[in-house]
Amino acid sequence: MFENKIKITAPFWQQYINLIREEMLPFQWSVLNDEADIKIEKERDADHIPAEKSHAIENFKIAAGISKGKHYGMVFQDSDVYKWLEAVAYALHQHQDNALQKIADEVIDLLAKAQQSDGYLNTYFTIEAPERRYKRLYQSHELYCAGHFIEAAVGYYSVTKNQKILDIACKLADHIDDIFGSEDGKIHGYDGHEEIELALLRLFELTKNDKYKNLANFFLYERGKNPNFFKEQQKTDPSTKPVIEGMESFKPEYYQNHKSILEQETAEGHAVRVMYMCTGMAMLARLNNDEKMFEACKRLWKNIVTKRMYITGGIGSTVIGEAFTADYDLPNDTMYCETCASIGLIFFANNMLKLDVDSQYADIMEKALYNTVIDGMALDGKHFFYVNPLEVVPQLSHKDPGKSHVKTVRPAWFGCACCPPNLARLLSSLDEYMYTVKDDVIYSNLYVSNKSDFKINNQVISIEEITDYPWDG
């Protein structure tokens, strides 16, 4: 990571990079600390999502024993902080900001205090239900949150060489390795929301510790072996209370565990989950030279981009489960096209380029980037779309319960706020997506003005690209 020096000079993208550092990250910090004077909205009318405040930083203070109180927000609220922290890392890579780094370092100190002695790190279960740890994996998002922290740790360490955050991440990953795996006495399963897989592979690339790659391999190849895993595993939960309301009725396809990964031919279920799974698959295929996994990646890619993707690069055609449905089912007025799903599509495309340098992946990456990704944020950096519609009738958005997710204006924040910090971490790391270097060849993926230095065969190759794209092709 950050082996090459890529400086974006395009005014179009400089405005976004500066916006994130100067406006978006400070705004999000105020939201995470419940200091912003904003209205937090539900994603749709039928949601049972707490939407009075974020409480995300306060949750960590309670888990660390610094404050007293109850956990507030979604069970995966921790991930909002982790994605913010990862975005800070990339912003610091672009522009040194001592004040911002000081805040981030203090967050890391807080996370270290919130981490349990065995390495476990999750505020909801630490505060509310320690006896339910890893007992309801299809709802709990424990490994999902762990994955987002590990990604943040890899990014932050790569930029700042902060050893504490890497130590927390390795301790957490080691703990997960103690709990999950094929050995007797371990949980032979995986999280309901993919994310840990690609995070472990990023940690492996940084540390070169094979344990992390092997654990990611286990999670990916174990998925779908037993489509009834989640129902059977839930029986170990001492509580009958759902962790997230309304998820009991979803079929195995929603979680991509209806069949093994190598047998899946169509993109099924929750779109973001599919993209994170595919990203992990592409990474593993490259790192293990796994031809069967690569073939599975290509099958899913082809199905998504030729039959289940909108003209904008948006994916996920139904609000029910934020999910894929069927080939060519792409309604304009009830579609979903979550910002996070298109961000995930870019992750998948970028890792396919590392596997197979084919312009189709760069083309889709560009399509999603210029449409459903930057469309997901207003130019003030403080208002966001969760859903990116192609057609909006304001009256119906207000009166039709089936269209309440189709917003007419961008809200300031959401009770389920996965998209805003995800946007921040992608756009502040845009330089990582502009080129693919394979062997002694440098491939340009995006038409973005830049000045870059690449180290190829112990020689520095300097490139300057000048373009007025997207205004002039």
Side-chain angles (χ1 to χ4, degrees), residues 1 28-29 32 54 56-64 71 73-90 92 103-127 133-134 137 140-160 162-180 190-207 209 211-212 215-216 219 272 276 279-280 340 347 417-418 421-422 424-426 429:
M1 194 174 188
Q28 291 188 7
W29 178 243
L32 296 173
S54 166
I57 293 295
E58 188 64 19
N59 286 337
F60 280 104
K61 290 180 179 178
I62 296 169
H71 182 278
M74 298 299 292
V75 66
F76 46 80
Q77 209 87 335
D78 293 0
S79 63
D80 294 351
V81 176
Y82 300 151
K83 283 182 276 190
W84 177 86
L85 188 58
E86 188 179 355
V88 168
Y90 304 140
L92 292 174
I103 293 171
D105 287 345
E106 290 171 353
V107 171
I108 294 165
D109 291 340
L110 175 61
L111 300 182
K113 293 176 182 176
Q115 187 172 35
Q116 303 299 289
S117 59
D118 63 354
Y120 185 81
L121 180 60
N122 185 286
T123 66
Y124 175 81
F125 290 96
T126 295
I127 296 168
R133 292 191 342 182
Y134 304 128
L137 285 165
S140 70
H141 288 73
E142 288 162 278
L143 300 181
Y144 166 85
C145 286
H148 274 304
F149 172 69
I150 290 169
E151 283 205 88
V154 170
Y156 199 81
Y157 177 83
S158 298
V159 174
T160 68
N162 181 300
Q163 187 64 42
K164 178 177 279 191
I165 194 171
L166 184 59
D167 290 344
I168 298 169
C170 290
K171 186 177 180 180
L172 174 57
D174 292 344
H175 159 74
I176 295 169
D177 186 64
D178 289 340
I179 302 296
F180 292 86
Y190 37 82
D191 201 276
H193 195 314
E194 298 91 336
E195 162 63 18
I196 187 64
E197 299 85 353
L198 64 96
L200 285 168
L201 292 171
R202 289 186 65 188
L203 187 60
F204 161 74
E205 289 189 285
L206 177 66
T207 65
N209 188 332
K211 174 167 58 175
Y212 304 137
L215 183 56
F219 281 134
V272 179
Y276 287 4
T279 300
C340 280
F347 295 161
C418 51
N422 220 3
R425 71 177 182 137
L426 173 69
S429 61

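When reading the values below, keep in mind they use all heavy atoms of this one structure, side chains included, and skip hydrogens, waters and symmetry mates.
For Asp191, the side chain to side chain donor-acceptor pair (under 3.5 Å) test picks out no residue, with sequence neighbours left out. Partners of Asn162 according to the side chain to side chain donor-acceptor pair (under 3.5 Å) rule, which considers only residues two or more places apart in sequence or in another chain, are Asp105. Here Asp118 pairs with Arg133 under the salt bridge (charged side-chain N to carboxylate O under 4.0 Å, His left out) rule; sequence neighbours left out. When the side chain to side chain donor-acceptor pair (under 3.5 Å) test is applied to Glu194, the partners found at least two apart in sequence or on another chain are Arg223. Taking the side chain to side chain contact (heavy atoms under 4.5 Å, CB included) definition, one finds that Asp167 meets it with Gln163, sequence neighbours left out. With sequence neighbours excluded, the residues that form a side chain to side chain donor-acceptor pair (under 3.5 Å) with Asp109 are Lys164.
Inspection of the Glu86 and Tyr82 side chains reveals no N or O donor paired with an N or O acceptor under 3.5 Å. With 3.5 Å as the limit, one finds no donor-acceptor pair spanning the side chains of Glu197 and Tyr190.
The shortest non-hydrogen separation linking Ala417 to Asp80 is O-OD1, 3.4 Å. Across all non-hydrogen atoms, the minimal contact from Thr123 to Ala63 is CG2-CB, 4.0 Å. The two residues Ala173 and Tyr212 have their closest heavy-atom pair at CB-CE2, 3.5 Å. Closest approach of Ile150 and Ala199 over heavy atoms only: CG2-O, 3.5 Å. Scanning both residues, Cys145 and Phe76, for their nearest heavy atoms gives SG-CA, 3.6 Å.
Contact check for Ile196 versus Phe180: no side-chain heavy atoms found under the 4.5 Å cut-off. For the pair Tyr90 and Leu426, the minimum side-chain heavy-atom distance is 4.5 Å or more. Between Leu206 and Leu166 the shortest side-chain heavy-atom distance falls below 4.5 Å. Residues Trp29 and Ile57 form a side-chain contact, since some pair of their non-hydrogen atoms from C-beta on lies under 4.5 Å apart. Taking 4.5 Å as the limit, every side-chain heavy atom of Val107 sits out of range of all side-chain heavy atoms of Tyr156. Here the side chains of His71 and Ile62 are not in contact, with every heavy-atom distance at 4.5 Å or above.
At distances below 3.5 Å, at least one donor-acceptor pair connects side-chain atoms of Gln115 with backbone N or O atoms of Ile168. Of the possible donor and acceptor atoms, one in the side chain of Gln77 sits under 3.5 Å from a partner among the backbone N and O of Met74. The backbone N or O of Cys418 lies less than 3.5 Å from a partner atom in the side chain of Lys83, making a donor-acceptor pair.
Taken from OG1 in Thr160 to CG in Leu92, the straight-line distance is 7.5 Å, to the nearest 0.5 Å. One finds the CD atom of Glu142 at 10.0 Å from the OH atom of Tyr124 (value rounded to the nearest 0.5 Å). In this structure, CG on Leu203 lies 10.0 Å from CG on Leu215, to the nearest 0.5 angstrom. Ser79 contributes atom OG, which lies 11.0 Å from atom CD of Glu151 (distance to the nearest 0.5 angstrom). Rounding to the nearest 0.5 angstrom, the gap separating the CG atom in Asp177 from the CG atom in Leu172 is 11.5 Å. For the atom pair Ile108 CD1 and Tyr157 OH, the distance stands at 12.5 Å (nearest 0.5 Å).
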Is there a side-chain contact (heavy atoms from CB on, under 4.5 Å) between Thr126 and Tyr120 once you walk through the steps? CA-CA 9 Å; Thr126 295; Tyr120 185 81; 3.9 Å; yes
Would Ile165 and Leu85 count as a side-chain contact (heavy atoms from CB on, under 4.5 Å) here? Give the steps. CA-CA 11 Å; Ile165 194 171; Leu85 188 58; 3.7 Å; yes
Take Phe347 and Leu198 through the test side-chain contact (heavy atoms from CB on, under 4.5 Å) and record every step on the way to the result. CA-CA 10 Å; Phe347 295 161; Leu198 64 96; 5.5 Å; no
Before giving the answer on side-chain contact (heavy atoms from CB on, under 4.5 Å), spell out for His175 and Gln116 the whole-Å C-alpha distance, their side-chain angles and the decisive distance to 0.1 Å. CA-CA 10 Å; His175 159 74; Gln116 303 299 289; over 6 Å; no
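Aromatic ring pairs are classed by plane angle as parallel below 30°, tilted from 30° to 60° and perpendicular above 60°; the pair Tyr276 and His148 is perpendicular. Aromatic ring orientation, His193 versus His141: tilted (interplanar angle from 30° to 60°).
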